[in-house]
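Only this structure's heavy atoms are used, side chains among them; waters, hydrogens and symmetry mates stay out. Note that the coordinates shown come from a computational prediction; the quantities given were computed from them, not determined experimentally. Residue numbering restarts at 1 for every chain, and letters A, B, ... go by the order of the sequence lines.
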Amino acid sequence: MDSAIIGTWLAALLTLGIMSFLYKDNLYYKICEAIFIGISAGLWFITYFWDSLYRIAWIGVVHEGRYVLLGGVVLGVMMLMRLFGKIGWIARWPLAFIVGATAGLKMMVYFTTNAMAQIHGTVNDTMAAFGGSGLYDVVGRIVILIGTVTGLVYFYFSKEHKGLFGGVAKVGTWFLMITFGASFGYTVMSRMSLLLGRIDFLLTDWLKLVK
Amino acid sequence: MLALLRIAKLVVFISSSLFVISLLPTHSVHSQDASPSGSNLGPITVRAHDTDNDAGGSVTVEWDDPGYEKMSGFAGFLIWRTNTLTGTSDSVEVTPFGTHSYDDRSVSDDSTYSYLVAALVNSERVMSAPSMQVRSAKQWFDSRLTWVLILGLIICGAVIYFIESAKRGTKLFLRRIAGLEAIDEAVGRATEMGRPILFVAGIQDMDDVQTIAGLTILGSIARTVAEYDTKINMPVRASLVMTAARETIKHAYVTAGRPDAYNDDMVHYVTDEQFGFVAAVDGIMVRERPAACFFLGAFFAESLIMAETGNSIGAIQVAGTAMPAQLPFFVAACDYTLIGEELFAASAYLSGEPRQLGSLKGADVGKAIAMIVILVGVIATTIASAWNSESMLWIENLLRKMFSTG
Amino acid sequence: MGLIISAVVIGGGLLWILYLSIKGQDVDRRIVYLFVGATVALAIIFRLEFGEVATPIVKSVFDKIENLPAGSKIVLSYDFDPAMAPEVNPMANAFIRHILEKKHRLFFMSLWATGQSLLSVSLNDVLKPEFPDAKYGVDYCNLGYKAGNEGVLNVVITNFRKMFPSDANGNSLDSLPMFKDVESLKDMDLLISVGGGKPGVKEWVLFAGDPGKIATAGGSAAVSTPLLYPYWPRQLIGLLGGTKGAAEYEAELIKTHPRFKDKGMPALRMMGPQTMAHVVIIAFIVIGNVAYFRSRRKGKQS
Amino acid sequence: MKRQIPMLILSAVGTLLVVSVFIPSARHWQEDASLYFDIIAVFAFFLGGGNLIRVHTEKVNRKSTGWIYSVVTLLGFGIMLVTGLFKIGNPNGIAGDLSQTGSYFQLLFQYVMSPLNSTMYALLAFYVASASYRAFRAKNTEATILLVAAFVILLGRTALGVLLTNWIPAQLSVLQIPNLAIWIMNAPNLAGQRAIMIGISLGVISMSLRLLLGIERSYLGGDN
């Protein structure tokens, strides 16, 4: 028996084990889950170890002389102080570094790619899809305009959703619902193809029922 | 002394340029009969200037093509650089057809350079005159981001203004968010039933703001949990999130006056693998049967797997994410969903602290600006295209410029 | 036979669920799961295929190629990598078959380095065996891959020879008869980009089709298709989205040109089980609502 | 002190990174920050992995329910560590690429991890079905709108949608279901997406400012 045959059997048994969860939680699933957790946690640790610790930190500092990276190592070691009760508080420093960096960086990223680019896109793409002057285009433009603005009104926090403002916000929720319904409907097919891949594996590669 | 040095530099520059030209197998640009196919083309003009908005170390060379590209046998433009301080010269690059500018990134800010561009036609080189001397430099401000800065300052200014005014005691009104009111209800029900609550702060690490937003909400939930003495179970996918979540819950227990009841095991690392984590969370759900599940953070395809499993055990589920693609699944399978911005606003709401609430009012100013710009923009483009209105076109172009991000 | 078994099992099952729902009984979620699994499995075992009907956005591409006079010049660009290939490769192959069948002249190229090898696979597996009479340089040619992303388009829209001094095999373009009356992209009758990333269909529209006023069509992976919808029908004459779009094109192709029937239409075959599952989900939504309205009416009466 | 210094670090780092966006020569700070993050994350893994080992060893020691699964998890973790750290079976030895074909690490990935992963992912298909059956009911206006939008898009993606509305004349072709589906994607769907994305970015800005100003700091823990 070569390793490919053993491998296929192993893969098939694990596939069935995970699927058995759909019926109910059971011993078979629990074993697969335990294997999954153990193997994958190990896999990620190894990946981190070689990619970050060895390649970035070790090669970077020792071989390429990028001493600026030592700062990261120092912060990383501080993180480990968590293991020693008395000076465990020092682990907050790297944590503060990370939260600060995330807040600073992401604030700018979201501002440019989400806010500015979306406002820009609303004006631009509207013209791409509905740039003409026929009824179809005019309706399209009006719908985009109303949808975007009322949607933003829904997210407006500092005014009670009552009266006219409430009505506008209500229209905003309708647009959000269309968005959710449309995204749901659009993704169904690609989700099905995942299952197709697994069942195809079981029937074709493993059981060889289908040629 | 200084004048002498300058003269010396100039001499070096001129002589080296001449030297270069003499070395190249070429003919004077101005001698017309020497052009490869005898055509009557003007000289190539070259301009070199410091590359805009960069960190230095780069010069942009631009040139006009009087028509060499159209000649048969054209092979490209050769860019030739002379370091006018040292007098050394070298070829930098041969650019392909259709390119009329080049960023030379191999220069030093400490030297000055001059450039020549030669059209390569049938193994002959038609040279331009050397460009003016140029020195690369770094810029202190990226001028392309002027509007980003201005708009950013307006919005941040608004947020800070409302934080300050709230601090001084100005009363702020905020509308209710149904999903947040459900949080207390969910924790209360778990207490009554004597069952734990499950909290998942998304599947991203601490470098995603959504994870941090999830943890800030965890702070409020954990305080209620501590007061009610309910059990909380929080599996995490990233070790850093584990550390941060422990700090958060511990702090909540201390604030609630129950530091003794806190236990590190409330938060436990599972695995970094997306679906391995999901397999484990599903297992926890069906075995421990939490009465309430919170999914607050960044989620991907696993959103529906977890939410449907939670639904099958009859738990109250509150979800929140800023991943637009996953919102539909949470909306379909959970009792309450915090949509996008509501996730980030939640902790401010829950804290009830005036300064935090003030920051939300500031963000509303940003929304008002966005609405006005979109209205004006779409109306202006419509009028501009329908009636060729100059003024509307001007507005349209201004808005495009303001909101273009490079 | 397989179709009958499947129809009985699935149709009967759905009716039973409908009956249960109307009676007000809760249908266990496990029955729903079993159903989805059985549907997909049956469709795979019996290799069920359904006649797809082309949606207008696909039909317009098909009609364009179908109605162009023989000898029209069409560019087909392979702008994708192996990861995307299962979804978009069937489109490219269907285009090749259709274009050569209609005796058009086909210019292959690629803006993705990885597209080049996929292109040779298509040439060797589809074009050469199925169109042995097609002559290189007369009926088709392969310009190969050029680095430079949309910059390549910026150039070839005014001049092919500057960007491509020779084709992928090293022949100068002037030695290829089909290039005799071709100066730039503007001499083409149709541009087709098959791809799902950047550069891809969008870049072909913005940097070639639009500025040159050349008819442009595309095929793209399902995820990136919604981003391209805004360009239809003005800047894109049509678009094939995902396996579904490919299957529709294949269906249209074998309807009009039955000789391709036995060539194996991979997208159609892949679509069979997906369509089945899709229909089952639509049925579930309908049944769910029927049950809901029944129970509400009952609630009102009592 | 135990809270002030972290607060100071947080505000300083955050502010510097915001400023760095505008200064061309400071942009590399952003890359440095992400590299720091990667390095800190590895060290943090020693805490996470340690936690995993401790939790499961304790279960085994106490022979609590399901302890046998903990043995399996620990075994899996151990096997992966050994094969990965020493690159067992790797044709190119310790210097070889981690995912080199033929290495045990790669075999475990291919035959154990991959099928588990894609099967878990594939479960989505079942959950999509059960969610559609249960949740898409016309209970109120919002739910009805959601349902109708989803239904039109779903129909538009099957042959049924084409066949149902083929009779609509060309002038009104936008009402044919496939075209209607595209229109929904193009107009109302896009509008909703935009509102959500713009809202999100403003939410991130206000939350980031709360963090940088030190108004929100529950995750930094208390004074002890």
Query raised in the report: Does the ring center of A/Phe97 lie less than 6.0 Å from the ring center of D/Phe37?
Result: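 Ring centres of D/Phe37 and A/Phe97 not closer than 6.0 Å.
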**Report entry** D/Lys59, NZ atom: more than 12 neighbouring heavy atoms under 6.0 Å
**Finding:**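 12 or below, so no.
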Report task. Might you confirm whether atom OH of A/Tyr28 has over 12 heavy atoms from other residues, nucleotides or ligands at distances under 6.0 Å? Result ->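 Count over threshold, so yes.
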Requested in this report: With a 4.5 angstrom heavy-atom cut-off, could you sort out which part of D/Asp38 is near chain A: side chain, backbone, both or neither?
Outcome: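 It is both, since atoms from each part get that close.
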Query raised in the report: Side chain, backbone, both or neither: which part of D/Ile196 has an atom under 4.5 Å from a heavy atom of chain A?
Result: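 For D/Ile196, backbone and side chain are both near chain A.
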Requested in this report: Under 4.5 Å heavy-atom distance to chain D, tell me which part of A/Val109 shows up: side chain, backbone, both or neither.
Outcome: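 Neither the backbone nor the side chain of A/Val109 comes within 4.5 Å of chain D.
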Query raised in the report: Side chain, backbone, both or neither: which part of A/Ile98 has a heavy atom under 4.5 Å from chain D?
Result: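 Only the side chain of A/Ile98 comes within 4.5 Å of chain D.
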Sort out for me which of [options] touches chain A most, counting heavy-atom pairs under 4.5 Å.
options                                : answer
D/Val174, D/Leu190, D/Leu212, D/Val112 : D/Val112
D/Met185, D/Met207, D/Arg210, D/Met7   : D/Met185
D/Ile184, D/Asn117, D/Val82            : D/Asn117

Query raised in the report: Between D/Phe45 and A/Phe49, does a ring pair (Phe, Tyr, Trp, His ring centres under 6.0 Å) hold up when you go through it step by step?
Result: CA-CA 9 Å; D/Phe45 190 93; A/Phe49 178 85; over 10 Å; no
Out of [options], which one racks up the most heavy-atom pairs below 4.5 Å with chain D?
options                               : result
A/Gly197, A/Gly140, A/Gly42, A/Ser193 : A/Gly42
A/Met79, A/Met78, A/Glu33             : A/Met79
A/Ile37, A/Leu80, A/Leu176            : A/Leu80

Query - D/Leu85 backbone acceptor or donor facing A/Trp50 side chain under 3.5 Å - result: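 Answer holds: no.
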Requested in this report: Could you list which of residues 54-67 of chain A have a heavy atom closer than 4.5 Å to any heavy atom of chain D, in residue-number order?
Outcome: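 Within residues 54-67 of chain A, the residues under 4.5 Å from chain D are A/Ile56, A/Ala57, A/Arg66.
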Query raised in the report: Where along residues 67-75 of chain D does a heavy atom come under 4.5 Å of chain A, listed by residue number?
Result: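 Answer by number: D/Tyr69, D/Val72, D/Thr73.
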